[in-house]
Asker: 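Structure below; questions to follow.
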Amino acid sequence: MQEPPPYAPPGVGGAPPPAAMVSKVDMTISCEGLRDADVFSKSDPICVLYSLDGNRRREIGRTERIDDNLNPKFQKQITIDYHFEEVQRLAFYLFDIDDKDNDVSKADFLGKCECTLGQIVSSTNFKRPLDYQGRNYGSISIQAQEQGGMQKSVKLTLKGVKLDKKDWFGKSDPFLEFHRQLLDGSYALAHRTEFIKNTLNPRWKPMKINTRRLCDNNPDTVIRVECFDWNSNGSHDLIGEFYTTLAELEQSSAGKTFACVHPKKKSKRGYRHSGEIVIEQITVSREYSFLEYIQGGCELNFVVGIDFTGSNGDPRDPSSLHYLGGSSPNQYTQAITAVGNVIQDYDSDQMYPAFGFGARLPPTWQVSHQFSLNGNPQDPNCYGIPGILGAYHQCINTVQLYGPTNASPIIGNVAKMAREALQQQQAKDYFILLLLTDGILTDMQQTIHMIIEASELPMSIIIVGVGDADFSDMERLDSDDRLLSIGSRKAKRDIVQFVPFRDFRNARPDRLAAHVMREVPTQLCEMYNNILHVPPLYPPFDAPPS
C-alpha cells in the first residue's frame, strides 16, 4: 500500500485539504422597550443589519417592518456567512419607518447595538441594551442558528475483488474516487483513496467521509464511485464504476457487493463487469459541527507562550524584536492582539494563562523554561488581551533574556490542562496555545513527542515565527500533508499551525489571525467527533444562559 508521490493529482490519499470553515447562520431578532417616535401611535420598527469595517458600513439584510409595536418579535430572519477565524463586527440599527418604501434615510432612529458575530454565536441568548444618543433605551435579543441541518459521517472499509488487469508488466494499482452529483447533472470529487500497488484484490485503508461533502446531506443524491488504475504520469486508467446513494449505504451491511462496470464495455456481448467492490465494514454516524459544539457550551481557552531568549536582542535596542518604544507595536504584541481578538469571544471569563520561556528570573537569575508573565507562579492568568500585553510589557523590563529556546515545557503544561479537562469526557473546554518564537526550537525532538501526545487531547497549537530567522525546520511541525510522527509514534490528528510573521508584515493584522485560526474548527470537531466521540454538552438552545 503506497501513499501518492508529490506529483499525484491533488487529493489522492483522502479528501481535498480543508478550507476555512464557512457556515451560514440565520439570526432571529426581537426587541423590548423601544423608544416611541410617533405622536399619535407607537413606533413602526424595522431592524437593519450592517457589517462594519473601520468607518465603513455595509448593509447585510433587514427584517420586516412591524406596525405600532415597541416590543417587536421579527419573523424575517437575517442570514450571514460566519467565519470563525475573523472578527466580524456588526451593527444592528432600529428605525421607525413611516413611508411605504421602507427608506431608512427618512426614518427616525430608535437605537443601535454594535457587537461581533462571535459574541452572538457563542451566546445561547444574546441580549444587549440599545444605544440611543449615548444612553441605553430598550434592548435587543438575537438568536443564531446554523443552516445545513444534521450532518453525518460515513466510515467505510472497502476491498476490490478480481479487478481488471491494466498494466503491461504487472497487475493494476487501484484507487477509488467518490463523486457527488450536482444540480446540473455534473459530478464533483468528494473523496479519493490511496492507491495500492500491483494487485487485483486491493484492500483500502478505512475511510471517513462527511455527508455534506459526499452528498450535500441529501440521502437521495447520486454518488458515483470510480475505480482507477494509478499511473505516475497522471493518466489514470478507468477500471470501472458504480452508482449508489447515502440512503442505500445506510441500509447496507458487511458483504454488500457492487459490480464495477466500465461504461465502454457494458454493451459488449458476454461482458458482466470488471471486478467487484465489497463493503467490509460500514457505519453511518451523527457528526456535530463546530457551531453546535460552541453553542452547546464548549469554551475556547486561550494560552500564550512568549520567547524571551537572547536572540531577540536587547529590548532597549530599537532593532530588538522585544522593543516597545517604536511607532507601531512589535511583532509579539501584534500577533497576541490579532489572535486574541478572535478567541476572546469564545471564553466567558476572559482569564488567560500567559507564560514566557528562555529567560533568567530575579532574584536568583536562574534560567526558566516556563514562568508566569504576571510574576505569580500560582496564578498565571491575565484578564483580557490588555492584561496579557500589560504583563508582557512589564516582564520585558524585569527578566534577562537568555536561552535556549525550549518550547516543550509550555506545551506540556497546556497538555496537562487539557488532560484534566479530558477527564470530564465532555465537549466543554478546548485549549488553544499561541506560541511565539524568534527561532528554531532547541528541544525539537521533545517538542515533537509533546505534540504527538497532545494530539489525543482537546487542544490546538498555533506557532508564529517572529523576526527573519530561517524557520524551515518549523514547517515539519505543521503536518498538513501527513500526520506528525517520530519513530513508531504517530499523531492522532494535526493540531499545529505554523506561520512566519514576516509573511504578513505588510498585511492587516487580522489577516494573520485568519490564516493561523482557520484550521481550529476542524481540529476541534476531529477531537470531539472522532477521538472522544461525544456530542455537545447541551443541545444548543438548552444551554445555560450566557
Side-chain angles (χ1 to χ4, degrees), residues 1-6 8-17 152-180 189-211 213-215 223-232 234-246 248-262 265 272-285 287 481-483 485 488-493 526 529-531 533:
M1 185 179 296
Q2 298 188 14
E3 299 293 339
V12 167
K152 298 179 181 179
S153 64
V154 181
K155 295 179 182 178
L156 272 173
T157 302
L158 300 176
K159 68 177 182 180
V161 177
K162 297 181 180 180
L163 300 179
D164 280 358
K165 177 179 177 296
K166 306 295 285 189
D167 293 340
W168 284 101
F169 301 105
K171 296 178 180 179
S172 290
D173 308 323
F175 68 91
L176 299 175
E177 286 189 349
F178 293 74
H179 301 258
R180 69 179 181 277
L189 178 65
H191 185 82
R192 185 187 283 126
T193 70
E194 78 284 2
F195 68 90
I196 302 178
K197 197 73 175 173
N198 196 32
T199 180
L200 302 182
N201 298 285
R203 178 176 279 103
W204 291 280
K205 293 179 182 178
M207 65 196 83
K208 178 180 178 181
I209 315 173
N210 182 278
T211 56
R213 183 183 294 275
L214 182 64
C215 59
I223 302 166
R224 183 177 70 198
V225 183
E226 296 175 314
C227 183
F228 287 96
D229 170 41
W230 180 85
N231 290 309
S232 60
S235 179
H236 310 304
D237 298 318
L238 179 67
I239 295 174
E241 64 185 21
F242 65 89
Y243 294 81
T244 185
T245 64
L246 177 61
E248 182 180 17
L249 290 175
E250 287 188 289
Q251 297 299 316
S252 300
S253 57
K256 170 78 173 181
T257 299
F258 296 92
C260 204
V261 177
H262 196 296
K265 295 181 180 181
R272 293 178 57 215
H273 54 68
S274 296
E276 294 177 322
I277 304 298
V278 180
I279 295 177
E280 288 199 310
Q281 288 184 323
I282 181 169
T283 58
V284 181
S285 56
E287 185 143 301
D481 297 327
R482 60 185 61 201
L483 292 174
S485 63
S488 60
R489 300 184 66 199
K490 187 175 183 179
K492 295 291 186 182
R493 59 193 178 100
E526 286 177 346
N529 280 312
N530 303 345
I531 295 179
H533 302 291

Asker: In Å and rounded to the nearest 0.5 Å, what is the CD1 to CG distance from I209 to L246?
Answerer: 10.5 Å

Asker: Could you check H191 against L214 for side chain to side chain contact (heavy atoms under 4.5 Å, CB included), going step by step and ending with a plain yes or no?
Answerer: CA-CA 8 Å; H191 185 82; L214 182 64; over 6 Å; no

Asker: Please determine whether the number of non-hydrogen atoms from other residues, nucleotides or ligands lying under 6.0 Å from atom NZ of K490 exceeds 12.
Answerer: no

Asker: Is any side-chain heavy atom of V225 closer than 4.5 Å to one of E241?
Answerer: no

Asker: At their closest point, which heavy atom of G160 faces which heavy atom of I277, and how far apart are they?
Answerer: CA-CD1, 4.2 Å

Asker: Which pair of non-hydrogen atoms, one from R180 and one from R213, has the smallest distance, and what is that distance?
Answerer: NH1-O, 2.8 Å

Asker: Verify the neighbour count for atom NZ of K265: are there more than 12 heavy atoms of other residues, nucleotides or ligands below 6.0 Å?
Answerer: yes

Asker: Please answer whether the main-chain N or O of P174 pairs with a side-chain N or O of W204 as donor and acceptor at a distance below 3.5 Å.
Answerer: yes

Asker: Give the C-alpha distance, both sets of side-chain angles, the deciding distance and a yes or no for side chain to side chain contact (heavy atoms under 4.5 Å, CB included) between T244 and F178.
Answerer: CA-CA 10 Å; T244 185; F178 293 74; over 6 Å; no

Asker: What about H236 and F175, are their ring centers closer than 6.0 Å?
Answerer: yes

Asker: Does K166, at its NZ atom, have more than 12 non-hydrogen atoms belonging to other residues, nucleotides or ligands within less than 6.0 Å?
Answerer: yes

Asker: Taking the side chain as every heavy atom from C-beta outward, state whether L158 and M207 have any pair of such atoms under 4.5 Å apart.
Answerer: yes

Asker: Does the cation-pi check pass for K256 over F258, that is, NZ or CZ under 6.0 Å from the six-membered ring centre and within 45° of its axis?
Answerer: yes

Asker: Is a side-chain donor or acceptor of E526 paired with a backbone partner of R493 at a separation under 3.5 angstrom?
Answerer: no

Asker: Look only at the side chain of S253 and the backbone of Q251, and say whether a donor-acceptor pair between them is shorter than 3.5 Å.
Answerer: no

Asker: Hey, what do you get for CZ (F228) to CZ (R192), rounding to the nearest 0.5 Å?
Answerer: 8.5 Å

Asker: Could you walk me through whether L200 and S172 pass the side chain to side chain contact (heavy atoms under 4.5 Å, CB included) check?
Answerer: CA-CA 6 Å; L200 302 182; S172 290; 3.9 Å; yes

Asker: Under a 4.5 Å cut-off applied to non-hydrogen side-chain atoms, are L238 and H262 in contact?
Answerer: yes

Asker: Going through the distances and angles, do E280 and T157 end up as a side chain to side chain donor-acceptor pair (under 3.5 Å)?
Answerer: CA-CA 5 Å; E280 288 199 310; T157 302; 5.8 Å; no

Asker: Around Q281, counting heavy atoms of other residues, nucleotides and ligands shown, do more than 12 lie under 6.0 Å from its CD?
Answerer: no

Asker: Calculate, to the nearest 0.5 Å, the distance between atoms NZ and CG belonging to K171 and N201 respectively.
Answerer: 7.5 Å

Asker: Of the non-hydrogen atoms in D173 and F195, which two are nearest, and what is the gap between them?
Answerer: O-CB, 3.9 Å

Asker: Which heavy atom in I282 sits nearest to a heavy atom in S252, and how many Å separate them?
Answerer: CG2-O, 3.8 Å

Asker: For side chain to side chain contact (heavy atoms under 4.5 Å, CB included), just list the numbers for C227 and L163, CA-CA rounded to whole Å, side-chain angles, deciding distance to a tenth of an Å, and then say yes or no.
Answerer: CA-CA 9 Å; C227 183; L163 300 179; 3.9 Å; yes

Asker: Return the CZ to CG distance between R224 and L189, rounded to the nearest 0.5 Å.
Answerer: 10.0 Å

